[in-house]
Structure formats: C-alpha cells, structure tokens
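Below is one structure, written out as structure tokens; the observations come after it.
Predicted model, so just to flag it, every value in this text is computed and none were measured.
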Amino acid sequence: MSALYNFDLLVAGPLCMLIVLVLRRFFDLAERLPRWNRVLSWVWAPALFGFGITAVFRYRNPLLDDAYMLGVYALVVVTLLLLWSYRPARLVLLALAPLLLHRLIKFGLDLGDLRLLAPYASIFTSLGKFTTLWLIGLVLVARSQKRNLAKEQQQRQEEEQARQLIATQNAELERLVAERSATLTQQAATLQQALEELQMTQSQLIQAEKMASLGELTAGIAHEIQNPLNFVNNFAEVSAELLEELAEEQTKPAPDTELELELLADLTQNLQKITQHGQRAASIVRGMLEHSRASTGERSLTDLNALCDEYLRLAYHGLRAKDKSFNATLHTDFAPVLPLVEAVSQDVGRVLLNLFTNAFYAVRQRQQAGEAGYAPSVGVRTRRVGDEVEVSVQDNGTGIAEAVRQKIFQPFFTTKPAGEGTGLGLSLAHDIITQGHGGSLTVTSQEGQGAKFTVRLPI
C-alpha cells in the first residue's frame with residue numbers, strides 16, 4: 001500500500017526546511033534579505049502540496065523528492081547570488097557547486113533510466129561523498145570567515161562609534177571654545193576699557209604729583225626770584241641816580257670828562273649786573289615752566305651739578321616758606337669736571353626735587369622731636385663712577401626702617417600723614433630713573449640716623 005504514496009517528499013520537506021533554516025540563520029537573511037527570507041520560510045509548502053496531489057491521484061514517482069530538492073538547491077543558489085558581495089556567501093556557493101552538479105548528473109541519469117558501468121559507478125559514488133565532504137569543509141571555512149567578518153564589522157562599528165564620539169566631543173569642544181572665546185573677547189574688551197581708565201587715572205595721578213611738587217617749589221621759586229629782582233631794582237635805582245649826575249655834569253659849562261667816564265663805567269657795570277640777575281630770574285621761571293609742563297621725552301645734554309644746586313635751594317626755601325623757624329645746613333660736593341648726561345632734564349629735576357623734599361621733611365621731623373643738640377643737615381654729592389654719573393642725596397633725619405625700605409618704591413606707599421603725600425613720588429622717581437633712563441635708584445638707611453638715596457645714570 002505504501003508503494004502508492006511519495007513518502008520521500010515528506011522526508012525531503014523537513015530536510016530542506018532544515019537546510020533553509022540553517023541558511024537563513026547563517027546569513028542573517030532577516031536583516032540582509034527580509035523579503036526573500038519570507039519566501040524561503042514557505043519552502044516546505046511544495047513538498048506537502050506535491051505529496052497531497054500525488055496521494056489523491058495515487059501517483060508514485062521516486063524522482064519527485066530529487067526534483068524537489070533540486071528546486072530547493074536552486075533557491076539556495078539564488079540566495080547566495082543575491083548575497084554575492086558577502087564573501088562567506090561566495091565561499092558557500094563554491095562549496096555547493098560540486099554537490100549540485102553531482103545531483104544534477106544523478107538526476108539526469110535516473111530520469112533517463114541510464115546506468116553507468118560498474119567502475120564509473122563506484123567513482124561517481126565516491127565523487128558524491130567527496131562533494132559532501134567538500135561542502136562541509138568549505139562551510140566550516142565560511143563559518144570561520146563569517147566570524148572574522150563579524151569581528152571586523154564590530155571593530156568598524158566601534159571605530160565608527162569612536163569617530164562619532166570624537167566628532168561629538170570635537171563639536172562640543174568647538175562650542176566650548178567659541179563660548180570661551182566670546183567670554184575672553186568680552187573680558188579683553190572689559191580689561192582694555194579698565195586699562196584705558198587706569199592709564200587715564202595714572203596720568204591724572206602723575207599730574208597731581210607733579211602739581212604737588214610744583215606747590216613745594218612755589219615758595220622756593222618766589223624766594224629765588226626775589227633775590228635777583230632786588231638786585232635788578234637796586235642797580236636800576238643806582239643807575240638812575242648815575243644818569244641824573246651825568247646829565248647835571250653835561251649841563252655845566254666845563255664838564256668833567258673823567259667824571260663822565262667814571263659815571264658811564266658805573267652805568268655799564270650796573271647794566272651788566274641787571275642783565276645777569278635778570279637772566280637768573282628768567283632761568284628760574286624757565287625751570288619752573290619746564291617742571292610744570294608734561295614731559296616731551298626728548299633727551300638733551302644735562303649738567304647735573306647745576307640741576308642739583310638749583311633744586312636743592314628751591315626745595316630748601318620752599319620748606320622755609322612753610323616754617324620760618326626751620327633751618328638746615330646744606331652741603332654740596334660737586335665733582336669739578338662732571339660729564340654731561342644725556343637725559344630729560346625736567347624728569348630728572350622732578351626726581352631730585354622729590355629726594356630733596358623728602359630729605360628736608362625727614363630732618364624737620366627729627367628736629368621737631370626735640371632731640372637735644374641735633375642740627376639738621378642735607379647734602380648732595382656728584383661724582384663719576386666708571387661709565388656712570390652718581391648723585392647722592394644724604395640727610396641726618398629720622399631714617400627709614402627695614403620694613404619700610406622694602407616697600408618704599410611701591411606706588412601709593414607713604415609714611416606721611418593723610419593729606420601730606422600721595423605715595424607716588426618715589427615710585428615715579430624710580431620709574432623715571434630705571435625705565436626712562438636705564439639707570440638705578442637705591443637707598444641705604446639706618447633708622448634714627450638718616451638716609452642716603454643714590455641715583456646712577458649712564459653717560
């Protein structure tokens with residue numbers, strides 16, 4: 001009875017379904033070929049349908065299962081061709097080709113009811129076994145190749161993720177840099193504005209310090225100008241009297257020639273004295289104007305001896321104008337042949353005025369302390385030291401403590417009471433000498449015994 005049914009189809013169906021299932025999973029057809037994967041899921045249907053039809057008509061053919069399996073192999077081949085770009089698929093196709101050719105030849109022989117001679121039949125059977133082994137071997141190789149490709153793909157994905165992460169981080173970094181740049185730009189603008197305001201304030205403070213030192217000069221300048229003016233007035237009055245005598249002598253019937261010559265000689269001498277003291281007054285006024293105006297920065301050959309002498313007396317008389325009871329001994333020790341120095345005279349004059357003013361302030365403070373037998377003394381000395389000219393301003397005042405000496409050249413630092421000092425004098429003096437003229441300004445002192453400031457300028 002069983003000979004009337006094609007049960008081989010029922011066996012071939014699940015076998016082919018297993019082959020297709022392995023194929024679908026091995027090549028991940030659900031992701032690679034989703035539509036074709038759904039088609040292959042129905043590969044069992046032809047076997048069941050063929051078995052049903054042949055059972056109804058009671059038709060039995062031993063080649064139906066072979067034909068069905070060849071059809072399934074054809075679907076497998078088509079699947080592998082669709083996956084041609086995938087290397088394991090090409091390898092499996094190469095592995096399947098001998099087996100498929102062997103099955104086609106066997107099916108053709110069975111279909112034509114042909115028989116090979118005994119020696120060839122055994123060889124053909126051996127070839128069938130070899131194609132199976134060939135298929136298994138290459139499938140294992142393809143499996144290994146698939147794993148390697150999976151690892152490479154995973155590595156590529158990790159690299160891609162790393163690149164994406166780097167790109168994200170770069171974008172975030174660029175955003176942060178842009179934000180930081182904008183912040184820095186804003187801060188730079190704020191700092192630039194603050195710097196401009198600071199420079200303006202500094203200029204105002206320098207001008208205030210300059211005007212403060214100019215105030216110190218006022219009384220001294222008035223005293224210094226008064227002296228030559230007194231000489232000018234006195235010689236002018238005497239000259240007027242001489243002119244009257246000369247006029248009277250000339251009105252006489254017999255003028256005395258010798259007397260006239262004597263009167264003319266006296267007049268000439270008086271005029272020379274008037275000119276000399278007038279020039280002295282003009283020089284004092286010119287120095288005051290130079291001190292009051294802004295520095296041009298233009299250097300010229302400067303006589304430090306004359307500059308020191310002038311500002312020493314101006315500073316002294318300026319303090320005496322405030323305190324008539326104050327007296328001090330002035331010592332000058334000027335080098336007889338002192339080289340001229342290339343300097344901005346008005347700036348160096350401000351430095352000297354500041355040093356002299358501080359020296360007189362220190363000796364006055366010590367004098368007011370009521371120390372018995374104390375005699376205020378301020379001195380200035382000039383000399384040449386190698387390729388430099390040295391100016392030393394020394395006093396026997398209150399001196400400077402060690403803690404104060406360390407901060408004495410700092411801006412706004414002062415030991416004077418409020419309202420008596422800006423704290424900029426020595427700071428500006430230090431900048432003028434060191435930065436403006438490439439020299440040095442140092443101080444040595446012993447508290448209670450006086451101080452000595454030394455200025456050195458290159459020749």
Does a side-chain heavy-atom distance below 4.5 Å link [X] with [Y]?
{"X": "M69", "Y": "L15", "value": "yes"}
{"X": "D323", "Y": "R364", "value": "yes"}
{"X": "R24", "Y": "V43", "value": "no"}
{"X": "H437", "Y": "V344", "value": "yes"}
{"X": "K452", "Y": "T442", "value": "no"}
{"X": "V92", "Y": "V76", "value": "no"}
{"X": "D303", "Y": "E310", "value": "no"}
{"X": "L426", "Y": "F453", "value": "yes"}

Given Y311, F326, F356, the one that forms side chain to side chain contact (heavy atoms under 4.5 Å, CB included) with Y316: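 When side chain to side chain contact (heavy atoms under 4.5 Å, CB included) is applied between Y316 and each of Y311, F326, F356, only F326 qualifies.
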So if I apply the side chain to side chain contact (heavy atoms under 4.5 Å, CB included) rule between L352 and each of T357, L314, L307, L312, which one comes out positive?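 Running side chain to side chain contact (heavy atoms under 4.5 Å, CB included) over T357, L314, L307, L312 with L352 returns exactly one hit, L307.
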Are the side chain of [X] and the backbone N or O of [Y] linked by a donor-acceptor pair below 3.5 Å?
{"X": "R405", "Y": "I400", "answer": "yes"}
{"X": "H331", "Y": "R381", "answer": "no"}
{"X": "S392", "Y": "V380", "answer": "no"}
{"X": "N37", "Y": "L33", "answer": "no"}
{"X": "W134", "Y": "L94", "answer": "yes"}
{"X": "N396", "Y": "S377", "answer": "yes"}
{"X": "R90", "Y": "W84", "answer": "yes"}

Gap separating the [atom1] atom of [X] from the [atom2] atom of [Y], nearest 0.5 angstrom:
{"X": "Q368", "Y": "T398", "atom1": "CD", "atom2": "OG1", "value": "11.0 Å"}
{"X": "E158", "Y": "R163", "atom1": "CD", "atom2": "CZ", "value": "11.5 Å"}
{"X": "L338", "Y": "L340", "atom1": "CG", "atom2": "CG", "value": "8.0 Å"}
{"X": "L319", "Y": "K324", "atom1": "CG", "atom2": "NZ", "value": "11.0 Å"}
{"X": "L23", "Y": "I19", "atom1": "CG", "atom2": "CD1", "value": "9.5 Å"}
{"X": "D431", "Y": "D347", "atom1": "CG", "atom2": "CG", "value": "11.0 Å"}

Can you confirm whether [X] is buried at [atom1], in the sense that more than 12 heavy atoms of other residues, nucleotides or ligands lie under 6.0 Å from that atom?
{"X": "W36", "atom1": "CH2", "answer": "yes"}
{"X": "R35", "atom1": "CZ", "answer": "no"}
{"X": "E159", "atom1": "CD", "answer": "yes"}

Considering all heavy atoms of both residues, which atom of [X] and which atom of [Y] are nearest to each other, and what is their separation?
{"X": "V348", "Y": "A343", "answer": "CG2-CB, 3.9 Å"}
{"X": "P34", "Y": "E31", "answer": "CD-O, 4.0 Å"}
{"X": "I459", "Y": "P339", "answer": "CD1-CG, 4.0 Å"}
{"X": "K146", "Y": "R25", "answer": "NZ-O, 3.6 Å"}
{"X": "L441", "Y": "I433", "answer": "N-CG2, 4.2 Å"}
{"X": "P88", "Y": "F27", "answer": "C-CE2, 3.9 Å"}

Begin with the C-alpha distance, continue with both residues' side-chain angles, and end with the deciding distance and a verdict on side-chain contact (heavy atoms from CB on, under 4.5 Å) for L83 and L29. CA-CA 9 Å; L83 298 172; L29 295 183; 3.7 Å; yes
Evaluation steps, side-chain contact (heavy atoms from CB on, under 4.5 Å), between T454 and T444: CA-CA 8 Å; T454 302; T444 56; 5.6 Å; no
Do N305 and T382 have side-chain atoms, one donor and one acceptor, less than 3.5 Å apart?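 Their side chains do contain a donor-acceptor pair, which is all the 3.5 Å distance test asks for.
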Tell me whether R175 is salt-bridged to E179, with the criterion being a basic N under 4.0 Å from an acidic carboxylate O.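 Salt bridge present between R175 and E179.
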Between N327 and R320, is the side-chain contact (heavy atoms from CB on, under 4.5 Å) condition met? List the steps. CA-CA 7 Å; N327 285 290; R320 274 185 52 80; 2.9 Å; yes
For V391 and L355: C-alpha separation, side-chain torsions, deciding distance, then whether side-chain contact (heavy atoms from CB on, under 4.5 Å) applies. CA-CA 11 Å; V391 178; L355 297 181; over 6 Å; no
